[in-house]
Amino acid sequence: MRPDLRRQMPIVVSRRRFLQLLGMSGAAVFLGSCGGEEEVVQTTAASASPTTAAPTTAAPIDIDFWLPGGSDPFCQGFVTVADAFSASGSGINVTEVLCGVADDEDFNERLLANLAAGTPPDAVIIWDPPVVMASLGALEPLDDLMAASVNSKVENWPEGVLASCRWDGQIFGLPATASSYAIFYNQELLESKGIPSGRDDFPTTWDDLKALSAEFVQWDGDTLVSAGMIPPYDAVEAAIWSATNGGTLYDAESKQVRLDSDENIEMLDFGLQWLNEQYKGDWVAMDASGNYLGAGYVDELGRPPGFQGGDQLAVVNGFWLAADMYGSEFAGWERWNVAGFPVGPSGTSTASGFWPNWCAIPKGAPNPEASFAWLDYLVVDGMSTWFSQVPDIPTNRLAPDDLFPQSVADQRGDEFATDMTQFFTGQLEVAAPMWTCPVQNFLHDQLYTAISSVMLKEATPKEALTLAQEATQAELDSLLS
Amino acid sequence: MARLRRLRSRPLGRREALAGFLFVSPWLLALVVFHLYPIVAATYLSLSEYSVFTPPEFIGFDNYAKLWDDPTVWRAAGNSLFYALLSVPIGLVVALILALLLNRPVRGIGIHRTLFYMPAVVPPVAGTIVFLLLLEPRAGPLNTAIETVGLDGPAWFQDPAWAKWGLIILSLWGVGAATLIFLAGLQEIPESLLEAASMDGAGPWRRFSNVTLPLLTPVILFNLVIGVIYSFQVFDAAMIVGGTSGVPGGSTLMYMVHIYRTAFGYFDMGYASAQAMVLFLVIVAVTGAIFGTTRRWVYEGV
C-alpha cells in the first residue's frame, strides 16, 4: 500500500478488535488446514485443457486416475502414458494422476472416503480384488464396455485371471497386469551335488521336491545354516498349493468356502511333516536362524535373504522377484532358474498363481465410457512404459509380448531374460482360481491363522482348517444374506 | 448465572462474550467435528450394517452379538489386555526412576532431560524399526549382550511367546513424556517437607516412600490413566511388527489393529464401529474404576 494512501485511511484496531480478528483468522486457518496433502501429478493435458469448455458435444472430457502408489519414475510413467492417451485424439484428457497418498494416509482410506462422499475418481487401480468391492456395490460393471472395446474384449484375457473380476455373472475389473508365481532355484547349488539343474530336471511332485530339499538342509546346533525349500506357509500362495493337490480354497460357482477340504488338509499335513523331518519341527528356530521366509527379499529385521546369499536352494515367489534379484545382497553365485509347481499327493496337474493390478471404475464415476476408454488404452498401449518401470506381466493378449526385465538381461543375457519372462507368462494359463472370494481378505487372515497355528503346533491341520472354514463361511454367508 | 445474564445484557459484555466464543471457536469446532460427531456416528454405525459403498442399514445389536461370538476379537482383546497390564506398570516404574534420576542437580542435567525426552518426539514408525533391529534374534545388540553372560536370548518378534514382550519393551521407548510429567511433579514437592523428614531421621528410602511417593500420587494417577488409554489403543508398533495378521502366529494382533482390518480390510464399518464402541466403553469403565480407587491412594494437596 502506498504511504500516501495509508495516511488517508483511519486505521483503528483496538485490542479487542484485534483479538476478535485473531480468533476469526484462527478459525479460518483451522478450516483451511483440514485439506490433506495430495500427491496429484498434473498431466500436460491438464494445463492444455481450456478452463471453460464450450458446451458442445465435441468438448473434451476430463478424467482423473488414481493408483495406490509407487516410486517417482513409476508414477511419472503413468503421467507419460496419460499424456500420450490425451494426445491420441480420443477427446478425453486424463488431467490428474494421483499416484499414492501422503505418508500419513492410506490409499484405501482415501478411496473409501471419496466413494462415501459421492466424489469417486473416474478410474482407479486397486489392490483389493474387484470381486470384494463389486460384492459391496462399489464398482461399475464393465461387460458392455468390454464388448464394445478395442482391446479389452473378454477373449483377450486369460480366463483364470479374469475370474478375479467376475461377480454374479458380471465383470467389474480389468487385470491389467498379473505377475505369476513360480519356484526360483539355485542351479549352482544343485550342480555342486551333481544334480541336473535344468528346468525340465526339476522335481515334478512335491514328494520329490521335499526329498531334494533334504539334500541342502544343514543345522549347526539350533541354528539353520542352509535350507532347501521351506514347506508351505504363505496364505496368499495357499491357493497354488491347494490347486496342485486337486483342491481349491473357494468355489466361486457355488459360493462355498473349501478351506477344510481333504486335499487342503492333506497338503497342510504334508507341509507339517516336511517341517518335522527337515527343520526339527521348530518353526521359530528356523525363522530365528536367518531370513529363509523372506522369499528373496530383505525381511522386516533387515536380514539379507538366504536365497540370494546362496544359503537356500529354492523359494516361491512372483515374477517381480526376477527383476529385484540383483540387489546388493546377491553375491557369490550367478545362475538361477525358475520352475513350475510340482504336483501334490492327490493332485493330477501343476498350477500356478498370480497377483494382479486391477483397473476398475468406481460406482458413480461421472464418465464411465471415457474412463473405460482410458483403461482400454492403458492395458495395451501403456504396458511398455509400465513394464519399463515395474516389470509386471501384461495380461491382455494384445499387449506387447517381447518385454523382459532389463536387470535380468544385463546379468544373464537377453535369451535367458526372454525365456524366463515367457515361462512366467505361460504360468498364467495354468493359474489356479485366486482372488475370487468376496471375503478374500477375511479368508486370507483366517488361513494365515490356520497355517501358523499348525506350524507352531497349536492345532492339527484338520482342527485349524475347520475353524478357518467355519469362520470364513459364516462371514461369506453374512455378506451374501 | 445471574451475573452471566447481567454481563450478556450489557453491550460490552455481549462483545466480550462474542470475542470469547470466537476465540474458542476453533477448539469448539474441532470438538464437534472431530470428536462429538465421530462418537455419535460410530454409535449409530455400530447398530448398522455399513460397508461405506451403500447407505447404513439399521440392524440393532447384531454387531454386538457377533462380537461376543468372534474368537478373533477375543484373541485381539487378550493380546491388548496382556500388553496393557504389563506395559503400563512397567512404563510407570521406569518413568518414575528416570524422573528421580533427572531430578538430581548434576552438571548438564538439561541435556540429559532433553535426551530422555527425545524418543517421545521420534515418529513411532522409526522407533519401531529401530527396535526390530535391536531385537533381531541372532545379531541384534540385545541378544548379543545376553549371550555375553552365557544365556540364549529369545527370538523376540519371531516367537509368538516373546513378540508381545518385544512390544512392551518397545513401549518404553516413549516413556519420556511420562518422565517429564513425573519430573514436574517432583519439582512441586516442597523442599521443606523433605528437610523436615531428614531432621526426623528419615533416610533416602523413607523420604521417598513416606513423602515423595504420596505427594506424587496425583501425577501417578494422571500417568496411569493416560497410560491405560494409550496402551489399549496401541496401533503403530503392532501394525509395523505384525501387520494386520498379527505375525507371528497372531500374537501381535492388537484390538485396534483388528478394528482397522475389520474396517479397511473387510469393509465392515458397522462391525468395526461396534468393536470401537466396546473399546471406548471398556476404557471408560477402567478409567472410572481407577478414579473410584483414588480416595484410597491419591493424596491431594500438601
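Below, chain A is the first sequence line, B the second, and so on; all start at residue 1.
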Looking at [options], which one has more heavy-atom pairs under 4.5 Å with chain A than the rest?
options	result
B/Ser245, B/Ala161, B/Pro248, B/Ser51	B/Ser245
B/Val247, B/Asp152, B/Val33, B/Val125	B/Val247
B/Thr54, B/Ile240, B/Leu132, B/Asp70	B/Leu132

Would you say [atom1] of [X] has more than 12 non-hydrogen atoms from neighbouring residues, nucleotides or ligands within 6.0 angstrom?
X	atom1	answer
B/Phe280	CZ	no
B/Glu49	CD	no
B/Phe61	CZ	no
A/Trp167	CH2	yes
B/Tyr37	OH	no
A/Gln218	CD	no
A/Asp222	CG	no
B/Tyr230	OH	no

Check: A/Thr223/B/Arg138 side-chain N/O donor and acceptor closer than 3.5 Å: yes
Close side-chain approach of B/Pro160 and A/Val284, heavy atoms under 4.5 Å: yes
4.5 Å side-chain heavy-atom contact, A/Asn108 and B/Phe267: yes
Gap separating the [atom1] atom of [X] from the [atom2] atom of [Y], nearest 0.5 angstrom:
X	Y	atom1	atom2	answer
B/Glu136	A/Leu301	CD	CG	5.5 Å
B/Lys66	A/Ser478	NZ	OG	4.5 Å
B/Phe53	A/Leu139	CZ	CG	7.5 Å
A/Arg303	B/Gln158	CZ	CD	4.5 Å
B/Leu253	A/Asp445	CG	CG	8.0 Å

Checking heavy atoms, do the side chain of [X], its backbone, both or neither come under 4.5 Å from chain A?
X	result
B/Tyr50	side chain
B/Asp268	side chain
B/Thr72	side chain
B/Val24	neither
B/Tyr260	side chain

Contact residues of residues 436-443 of chain A (partner chain B; heavy-atom separation under 4.5 angstrom): A/Asn441, A/Phe442
Among the listed options A/Ala116, A/Ala138, A/Pro120, A/Ala235, the residue most often paired with chain B at heavy-atom distances under 4.5 Å: A/Ala138
Top contributor to chain B interface from A/Ala471, A/Gly364, A/Ser289, A/Gly302 [non-hydrogen pairs under 4.5 Å]: A/Ser289
Pair B/Ile129-A/Glu300, side-chain contact (heavy atoms from CB on, under 4.5 Å): steps then yes or no: CA-CA 8 Å; B/Ile129 290 170; A/Glu300 71 281 0; over 6 Å; no
Considering all heavy atoms, the nearest A/Ser452-B/Gly249 contact: OG-CA, 3.6 Å
Heavy-atom distance under 4.5 Å to chain B: side chain of [X], backbone, both or neither?
X	result
A/Ser453	neither
A/Asp128	side chain
A/Leu456	side chain

